[in-house]
Amino acid sequence: MPETLPKSERLRGQTAVSALFEHGKGLSSGCLRCKYIASPAHADASRIVVSVPKRLFKRAVKRNLLKRRIREAYRRQKELLSAPCDILFVYSAPEVLPYEVIYADMTAILQKIC
RNA sequence: AUGGCAGGACGAUCUGUCGCGGCUAAUCUCCGCUUUUUGCGGUGAUGGUGCUGAGGAAAGUCCGCACAGGACAGGGCACCCGUCUGUGGAAAGCACAGUGGGGAGUAAUCUUCAAAAUGCGUAACAGAGAAUAACCGCCGGAGUUUUUCUUUUUUUUCUCCGGUAAGGGUGAAAACGCGGGGUAAGAGCCCACGACGCUUUGCGGCGACGUAAAGCGGGUACGCAUCCGGGCCUGCAAGACCAAAUAUACCGGCAGCUGAGGGCUGCCCGCCUGAUGCCGGGGGGUAGGUUGCGAAGAUAAAUGACAGAUUCAAAAACAGAAAGCGGCUUACGGCCCUGCCAUUAUU
RNA sequence: GGCUCCAUAGCUCAAUUGAAUAGAGCAUUUGACUACGGAUCAAAAGGUUACAGGUUUGAGUCCUGUUGGAGUCA
């Protein structure tokens with residue numbers, strides 16, 4: 001599986017995201033919380049949403065930085081997933097953590113989902 | 001050399017391995033037209049073929065513009081904003097250059113205010129008085145009283161009338177300053193010098209204004225109105241287009257009080273109810289999509305991760321485009337250039 | 001993203017058109033009353049008027065800028 005993350009592997013649309021919020025199963029590990037739906041009917045590949053709450057970080061620069069780190073961590077490790085899933089990642093730590101910590105937490109999350 | 005002031009430029013670069021948004025050569029799929037191929041147009045997919053991809057403030061949303069919709073015959077009132085001068089500018093609570101007061105600094109320099117005339121209002125507390133000022137005081141006159149044997153003069157007490165802004169504990173602010181003359185006492189009442197304001201003239205300046213002379217004048221500060229200039233309202237979540245599902249104006253067809261349809265039911269019978277039901281078209285319009293949209297440009301939103309090198313040293317500070325443009329304001333590590341000022345030292 | 005608005009005592013609110021000790025209720029503390037508590041009565045404390053500048057003799061009020069918060073438009 002290539003280590004790419006094209007646009008088609010991102011979950012888009014307000015209705016789809018709302019459905020994931022209401023019906024997804026919850027997990028958390030370290031600085032990350034997530035909700036996911038395993039094996040949705042419509043998709044061949046996994047699709048993800050990344051969210052960093054504005055109430056944790058007021059400045060857009062920090063939110064963008066964390067979203068990029070989370071996406072990078074997912075991109076490097078998405079072969080850990082055995083079946084396609086729709087996943088929502090939410091950052092929950094009150095300070096900006098370095099890439100290595102996010103990478104480790106992402107590993108734990110993906111292993112729990114499988 | 002140290003410290004400071006002003007102005008300007010910058011806001012890392014390079015290499016390697018992965019990765020992201022947009023456009024695109026090319027290839028493939030499907031559809032339509034022409035149809036022998038071919039060609040043209042469109043949809044979608046791949047796309048390391050190439051190009052391009054965050055800031056000086058992208059921020060705050062404080063001004064202004066353009067654009068869009070709404071309102072609007074014309075004019076006025078009301079309301080809001082602005083206010084020294086010139087130039088630039090589409091305009092601006094804009095920029096640049098200047099004028100005149102006040103303030104800060106040894107200085108370089110910085111900062112703040114500002115039009116004209118008329119009318120009206122306010123000036124708490126304190127204070128005699130805060131704006132056509134007589135409470136005390138000073139002066140004059142009349143009366144009264146006291147001193148005296150009596151009269152006159154002088155002195156004292158009180159009352160009344162008048163003059164007077166020189167003095168008086170206040171206050172943010174007290175009716176030009178100071179000297180002389182003058183006077184019953186006083187006063188720009190008069191004079192000299194000085195400060196201020198207005199007018200006229202000369203000179204300089206496009207102008208605000210400066211300067212010189214002459215004449216005139218004498219109550220301060222702030223606010224409001226008139227006056228002059230400008231302003232319709234709302235904002236890209238504006239607005240335009242396409243358009244599921246559901247309900248449905250309207251139109252057509254079919255069935256229908258000789259019972260359609262509905263309720264009880266898994267189905268039939270039966271019972272109850274009693275006028276619309278079904279199909280098609282169709283307009284507005286919701287979800288959603290397209291556009292508005294740019295020499296970055298999406299629609300949950302793109303610039304990142306890791307390793308290394310460089311400038312003395314860790315690329316570190318403030319910070320991420322969501323419609324565009326011109327300004328302002330606020331935040332900010334560091335570096336470079338130019339000019340100037342103060343202090344110290346040397347020649 | 002655009003637009004509109006708010007901030008005063010621990011809480012809820014006043015303070016006219018700038019005028020001097022910023023006020024009221026509840027809450028708090030102390031005292032009285034009571035055998036004790038509640039209620040009541042009396043008194044006290046509590047404020048850099050969100051922050052920083054400016055105008056003014058004088059600012060909670062007027063002007064500018066920051067900070068925090070709320071509402072609204074699909």
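Letters go in sequence order (proteins before strands), and every chain restarts at 1.
Comparing the P positions of B:C67 and B:A331 gives an interatomic distance of 36 Å, to the nearest angstrom. When the C1' atom is used for both B:U99 and B:U85, the distance is 7 Å, rounded to whole Å. Straight-line distance between the C1' atoms of B:A172 and B:U164: roughly 29 Å, to the nearest whole Å.
Both distances falling under 3.5 Å, in either a Watson-Crick or a G-U wobble arrangement, place B:U164 opposite B:G137. When Watson-Crick and G-U wobble pairs are counted only if both distances are under 3.5 Å, B:G210 pairs with B:C203. Across all strands shown, nothing is found opposite B:A91 as a Watson-Crick or G-U wobble partner with both distances under 3.5 Å. Remark: B:U17 base-pairs with B:A305; criterion is Watson-Crick or G-U wobble with both hydrogen-bond distances under 3.5 Å. With a cut-off of 3.5 Å on both pairing distances, B:U151 has no Watson-Crick or G-U wobble partner at all. Searching all strands for a Watson-Crick or G-U wobble partner of B:G169 with both distances below 3.5 Å returns nothing. Across the strands present, B:U27 finds its partner in B:A45; the criterion is a Watson-Crick or G-U wobble pair with both atom distances under 3.5 angstrom. Figure legend. B:C193 is base-paired to B:G177; pairs are counted as Watson-Crick or G-U wobble with both atom distances under 3.5 Å.
The side chain of A:Arg75 has B:C18 as its nearest neighbour among B:A302, B:A319, B:C18. Proximity note for A:Glu72 (side chain, C-beta onward) versus B:C18, B:A301, B:C306: the nearest is B:C18.
Side-chain contact between A:Tyr91 and A:Arg63 is absent, with no heavy-atom pair separated by less than 4.5 Å. Considering only heavy atoms from C-beta on, A:Ile109 comes within 4.5 Å of A:Phe89 through its side chain. Looking at A:Ile102 and A:Leu66, their side chains come closer than 4.5 Å, going by heavy atoms from C-beta outward.
Comparing A:Lys62 and A:Glu100 by the nucleotide of RNA chain B whose heavy atom lies nearest to each, the residue mapping closer to the 5' end is A:Glu100. The residue among A:Ala60 and A:Leu65 whose nearest nucleotide of RNA chain B lies closer to the 5′ end is A:Leu65.
Here A:Arg63 lies out of heavy-atom contact (under 4.0 Å) with every strand.
An anti base is found at B:G327: its glycosidic angle is more than 90° from 0. A glycosidic torsion no more than 90° from 0 defines the syn conformation, and B:G56 adopts it. Anti is the conformation of B:A316, whose glycosidic angle sits further than 90° from 0. Syn is the classification of B:G188, since its glycosidic angle stays within 90° of 0.
Note: A:Arg69 CZ to A:Met106 CE = 13.5 Å, rounded to the nearest 0.5 Å.
Cluster annotation: A:Leu110 is connected to A:Leu97 through the hydrophobic network of ILVMFWY side chains, with a link wherever side-chain heavy atoms come within less than 4.5 Å.
Counting distance only, with no hydrogens placed and no angle test, the side-chain atoms of A:Arg68 and the base atoms of B:G320 include a donor-acceptor pair under 3.5 Å.
Atom-to-atom, OH of A:Tyr99 to P of B:G19 comes out at 13 Å; the value is rounded to the nearest Å.
Here A:Arg75 pairs with A:Glu72 in a salt bridge; the nearest charged N to carboxylate O distance falls below 4.0 Å.
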Problem - Under the 3.5 Å Watson-Crick or G-U criterion, the dot-bracket string of RNA chain C, with | for inter-strand pairs - result: (((((((..((((.....[...)))).(((((.......))))).....(((((..]....)))))))))))).
